[in-house]
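Inspection log for the structure reproduced underneath, given as structure tokens.
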Amino acid sequence: MLELRPNCECCDKDLPNGAADARICTFECTFCANCADNRLGGKCPNCGGDLVRRPTRPAALLAKFPPSTKRVNKAHAACIQAAE
């Protein structure tokens, strides 16, 4: 089951369930569309896999299977350069 991580690993933007701009790789590394497209070239900086739109968990299942609340941030070179 997907963790549905709550933020972009690069810029820390909030990405709640249903966020149209949430992107993930096969390992669930999570990025916003802006970082995925403009900073990372559509590739995960952790594994090199494609970043694709994250699916939405149906509202009826959120209580039983809530999204993760653990925020992940990593100092990827492309993210650091964009922040400078």
Side-chain angles (χ1 to χ4, degrees):
M1 178 179 330
L2 291 175
E3 288 182 22
L4 297 176
R5 295 177 184 169
N7 65 303
C8 175
E9 191 173 297
C10 188
C11 73
D12 201 33
K13 177 181 179 176
D14 289 337
L15 296 170
N17 180 58
D21 64 336
R23 303 292 183 264
I24 61 171
C25 72
T26 61
F27 292 98
E28 296 187 61
C29 301
T30 304
F31 301 92
C32 69
N34 182 55
C35 289
D37 296 341
N38 299 317
R39 295 181 182 178
L40 304 172
K43 298 289 182 191
C44 178
N46 299 313
C47 70
D50 294 333
L51 293 170
V52 299
R53 186 164 187 242
R54 182 180 70 189
T56 298
R57 183 161 299 151
L61 296 174
L62 287 173
K64 185 173 180 179
F65 303 105
S68 174
T69 57
K70 181 181 177 190
R71 298 180 82 83
V72 176
N73 295 96
K74 294 188 179 175
H76 304 294
C79 301
I80 293 169
Q81 291 171 351
E84 292 176 346

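Just so it is clear, the model here is predicted, and its values are computed rather than measured. Numbers for residues simply follow the sequence, beginning at 1.
- Residues passing the side chain to side chain contact (heavy atoms under 4.5 Å, CB included) test with Lys74, sequence neighbours excluded: Glu9, Asn46, Val72, His76.
- For Asn17, the side-chain hydrogen bond (donor to acceptor under 3.5 Å, both in side chains) criterion is met by no residue, not counting sequence neighbours.
- Nearest heavy-atom pair across Asn73 and Cys8 is ND2-O, 3.8 Å.
- SG atoms of Cys10 and Cys79 are separated by less than 2.5 angstrom, consistent with a disulfide link.
- Residues passing the salt bridge (charged side-chain N to carboxylate O under 4.0 Å, His left out) test with Asp21, sequence neighbours excluded: Lys13.
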Atom pairs and distances, side-chain donor-acceptor, residues 54-64, under 3.5 Å, sequence neighbours left out:
| from | atom 1 | to | atom 2 | distance (Å) |
| --- | --- | --- | --- | --- |
| Arg54 | NH1 | Arg5 | O | 2.8 |
| Arg54 | NH2 | Leu15 | O | 2.9 |
| Arg54 | NH2 | Pro16 | O | 2.9 |
| Arg57 | NH1 | Phe65 | O | 2.8 |
| Arg57 | NH2 | Leu2 | O | 2.6 |

Output side-chain donor-acceptor pairs under 3.5 Å for residues 27-35, partner residues at least two apart or in another chain, one line each.
| from | atom 1 | to | atom 2 | distance (Å) |
| --- | --- | --- | --- | --- |
| Glu28 | OE1 | Glu3 | N | 2.5 |
| Thr30 | OG1 | Glu28 | O | 2.9 |
| Asn34 | OD1 | Asn38 | ND2 | 2.5 |

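- Residues meeting the side-chain hydrogen bond (donor to acceptor under 3.5 Å, both in side chains) test with Asp14, sequence neighbours left out: Arg71.
- In this structure, Arg23 and Ala20 approach most closely via the heavy-atom pair NH1-O, 2.9 Å.
- A 4.5 Å side-chain heavy-atom check between Leu51 and Cys25 finds at least one atom pair inside the cut-off.
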